[in-house]
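Remarks on the structure that follows.
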Amino acid sequence: PSHLCITFFFAWDMSRVSFVLLSAVVVLIVAPFVISQGNFTCVDYPVVKPSEVVHPYTLGDTPLNITTYTQPDEAGNVGLYSFINLHENENTSVVAAKALIYQKGGGSITFLQHGGTRDVQFTYKGVAYSIDPNRMFTYPGLQANLQPFNEEAAALVLQFSQTLLDIYKFDSQSIVLALHNDSPNYSALDYLPGGVYADEASKVHIGKLFIPRDFFYIANGVVGSQMYDCLTGEDLNAVLQVPYIAPNSTLTDDGSLSVYSAMHGKPYVNTEAAAACCSQGTAVINQLILLDHLTTQVASLVQGGSE
């Protein structure tokens with residue numbers, strides 16, 4: 001009907017008028033402000049993009065990758081922070097670390113790529129094997145965790161773990177910064193007296209800022225004890241590992257990087273956080289906050305050691 005057409009065009013025309021009027025108001029308000037800013041100048045802010053170096057590796061008969069993601073600072077320097085992620089399915093931690101090193105002047109992340117699973121699965125001489133990559137750094141760890149256990153396969157995995165450490169530059173790191181995400185059945189509460197891992201912890205602090213799944217796991221030692229005090233002083237959840245004092249240590253040799261680091265006198269901090277559960281990105285932000293506080297302490301450590 002003609003009256004409906006008139007109504008439609010009238011409404012459409014009025015909407016155009018409203019838009020034009022609104023635009024005019026915005027221009028009248030904003031333009032004088034912009035024009036009055038005579039001292040405005042463009043900021044010289046160069047784009048510094050990250051890069052990845054992929055190191056192909058064949059474990060037994062199975063190809064996989066050890067990859068290093070690097071974010072340089074504006075001067076092209078790598079920065080203070082070198083992270084390592086051992087479980088490929090714990091990607092929330094990697095996303096948070098990428099954001100952090102971009103914000104804080106550069107850094108690197110070394111991680112594994114082997115199909116997206118937690119465990120590394122490979123074949124050797126027709127036999128299928130599986131190993132948790134955070135249980136492969138010592139022979140006792142492999143004896144307990146390589147499935148099925150075989151001495152030749154264990155030797156191959158030990159060689160692989162050493163290659164990973166070499167690419168990460170373990171020996172030259174002032175502190176090992178590990179990245180992990182956890183499931184609902186694991187948290188700092190497990191290290192309290194009576195907990196399943198109580199014998200592995202010398203100190204535990206449960207703060208009020210984060211849930212117990214978001215915590216730091218710290219290898220003991222002079223630096224580790226200081227780091228524990230700094231982080232718990234901010235009421236952040238933290239576990240201080242039992243010290244490794246060979247040959248009478250009560251620390252379980254499970255083949256983890258924390259134990260390996262303790263055995264070699266290397267400061268180590270793992271940032272554990274709940275895995276991403278939703279699209280809002282809260283888990284990433286929580287881990288980013290933890291990493292921000294940790295790296296602030298690491299910067300103080302490194303700068304103090306260079307004075």
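These numbers were taken from a predicted model, which means no experiment stands behind them. All values below come from the heavy atoms of this structure, side chains included, with hydrogens, waters and symmetry mates left out.
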Margin query: I'd like to know whether Thr68 forms a side chain to side chain contact (heavy atoms under 4.5 Å, CB included) with Glu52, so could you lay out the CA-CA distance, the side-chain angles of the two residues, the decisive distance to 0.1 Å, and finally the verdict.
Written below: CA-CA 6 Å; Thr68 299; Glu52 282 190 354; over 6 Å; no
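- No hydrogens or angles considered: nothing links the side chains of Asp119 and His87 as a donor-acceptor pair under 3.5 Å.
- Under a hydrophobic-cluster definition in which Ile, Leu, Val, Met, Phe, Trp and Tyr are linked whenever side-chain heavy atoms come within less than 4.5 Å, directly or via other members, Ile285 and Phe83 are assigned to the same cluster.
- Linking ILVMFWY side-chain heavy atoms closer than 4.5 Å, directly or via other members, places Leu179 and Leu231 in a single hydrophobic cluster.
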Next item on the list: Mind running side-chain hydrogen bond (donor to acceptor under 3.5 Å, both in side chains) on Asn134 and Ser256 for me, showing each step along the way?
Entry: CA-CA 5 Å; Asn134 199 30; Ser256 64; 5.1 Å; no
Check: Which is it for Thr92 and Val95 under the side chain to side chain contact (heavy atoms under 4.5 Å, CB included) test, yes or no, and what are the steps along the way?
Finding: CA-CA 5 Å; Thr92 300; Val95 173; 5.9 Å; no
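- Side-chain N/O atoms of Tyr129 and Gln121 include no donor and acceptor closer than 3.5 Å.
- Between the CG atom in Asn220 and the OG atom in Ser258 there is a gap of 11.5 Å [rounded to 0.5 Å].
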Next item on the list: Kindly indicate, with the supporting measurements, whether the criterion side chain to side chain contact (heavy atoms under 4.5 Å, CB included) is fulfilled by Tyr260 and Leu165.
Entry: CA-CA 11 Å; Tyr260 182 88; Leu165 292 175; 3.5 Å; yes
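- Between atom OG of residue Ser183 and atom CZ of residue Arg118 there is a gap of 7.5 Å, rounded to the nearest 0.5 Å.
- More than 12 heavy atoms of other shown residues, nucleotides or ligands fall within 6.0 angstrom of atom CD in Gln103.
- Taking the side chain as every heavy atom from C-beta outward, Glu88 and Gln113 approach each other to under 4.5 Å.
- When the side chains of ILVMFWY residues are joined at heavy-atom separations under 4.5 Å, either directly or via intervening members, Val239 and Tyr197 end up in a single hydrophobic cluster.
- The OG1 atom of Thr271 lies 9.5 Å from the NE2 atom of His180; values are rounded to the nearest 0.5 Å.
- Residues Leu177 and Leu294 meet the side-chain proximity criterion, which asks for heavy atoms closer than 4.5 Å.
- Under the side-chain contact (heavy atoms from CB on, under 4.5 Å) rule, Pro133 has a single partner from Val157, Val120, Asn85, which is Val120.
- No side-chain donor-acceptor contact under 3.5 Å links Thr252 and Asp254.
- For Tyr102, the OH atom sits in a loose shell: 12 or fewer heavy atoms of surrounding residues, nucleotides or ligands are nearer than 6.0 Å.
- Between the NZ atom of Lys266 and the CG atom of Asp171 there is a distance of 6.0 Å, given to the nearest 0.5 Å.
- Minimum interatomic distance between Gly141 and Asn145 (heavy atoms only, all atoms of both residues): O-ND2, 2.7 Å.
- Put simply, the side chain of Asp292 does not reach to within 4.5 Å of the side chain of Ile289, judged on heavy atoms.
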Next item on the list: Would you sort out whether Thr295 and Lys104 count as a side-chain hydrogen bond (donor to acceptor under 3.5 Å, both in side chains), showing the intermediate values?
Entry: CA-CA 9 Å; Thr295 50; Lys104 301 198 76 168; 3.0 Å; yes
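- Counted by atom type alone, Ser130 and Gln147 present zero donor-acceptor pairs between their side chains at under 3.5 Å.
- The minimum heavy-atom distance between Pro243 and Leu251, with the atom names listed, is O-CB, 4.3 Å.
- Side-chain atoms of Val259 and Ser261, non-hydrogen and from C-beta on, never get closer than 4.5 Å to each other.
- Atom-to-atom distance recorded for Tyr139:OH and Leu146:CG is 9.0 Å, nearest 0.5 angstrom.
- Taking each heavy atom of Pro72 and Pro50 in turn, the nearest pair found is CD-CA, 4.4 Å.
- A distance-only check finds no donor-acceptor pair linking the side chain of Asp214 to the backbone of Leu290 [under 3.5 Å].
- Aromatic ring centres of Tyr191 and Tyr217: separated by under 6.0 Å.
- No side-chain heavy atom of Thr123 sits less than 4.5 Å from a side-chain heavy atom of Val127.
- Using a 4.5 Å heavy-atom cutoff, the side chains of Phe216 and Asn237 are not in contact.
- Taken together through direct or relayed side-chain contacts under 4.5 Å among Ile, Leu, Val, Met, Phe, Trp and Tyr, Leu257 and Ile109 form parts of separate hydrophobic clusters.
- The two residues Ala188 and Ile206 make their nearest non-hydrogen contact at CB-CD1, 3.6 Å.
- Heavy-atom minimum distance, Ala178 versus Tyr268: CB-OH, 3.5 Å.
- Panel note: side chain Thr163, backbone Gln159; a donor-acceptor pair is recorded below 3.5 Å.
- One distance of note links CG of Asn181 with CZ of Arg213; it measures 9.0 Å at 0.5 Å rounding.
- When atom types are taken as modelled, the side chain of Gln287 and the backbone of Ala97 share no donor-acceptor pair closer than 3.5 angstrom.
- Listed for the Asn91 side chain is no donor-acceptor partner under 3.5 Å among the backbone atoms of Val94.
- Just one residue in the list Leu291, Val223, Val269, Ile175 forms a side-chain contact (heavy atoms from CB on, under 4.5 Å) with Val298, and that residue is Ile175.
- Aromatic ring pairs are classed by plane angle as parallel below 30°, tilted from 30° to 60° and perpendicular above 60°; the pair Phe160 and Tyr57 is tilted.
- Of the possible polar contacts, one joining the Asp190 side chain to the Ser187 backbone as a donor-acceptor pair under 3.5 Å is found.
- Under the 6.0 Å cut-off for aromatic ring centres, Phe215 and Tyr186 qualify, their centroids lying closer than that.
- In this structure a side-chain-to-backbone donor-acceptor pair under 3.5 Å is missing from Ser225 to Val222.
- Annotation for Leu288 and Ala96: closest pair CD1-O, 3.5 Å, computed over non-hydrogen atoms.
- Under the 4.5 Å side-chain criterion, counting only non-hydrogen atoms from C-beta, Val53 is not in contact with Thr67.
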Check: Does the side chain to side chain contact (heavy atoms under 4.5 Å, CB included) test come out yes or no for Thr110 and Ile66, once each step is laid out?
Finding: CA-CA 7 Å; Thr110 300; Ile66 303 171; 4.0 Å; yes
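- Criterion: ILVMFWY side-chain heavy atoms under 4.5 Å apart, direct or through other members. Under it, Phe111 and Phe170 are not part of a common hydrophobic cluster.
- For the side-chain contact (heavy atoms from CB on, under 4.5 Å) with Lys203, the lone residue among Thr232, Val242, Leu240 that qualifies is Leu240.
- Here Asp235 does not pair with Lys208 in a salt bridge; the nearest charged N to carboxylate O distance is not below 4.0 Å.
- For Asn270 and Glu272, the side-chain atoms include at least one donor-acceptor pair closer than 3.5 Å.
- Using a 4.5 Å heavy-atom cutoff, the side chains of Glu152 and Leu156 are not in contact.
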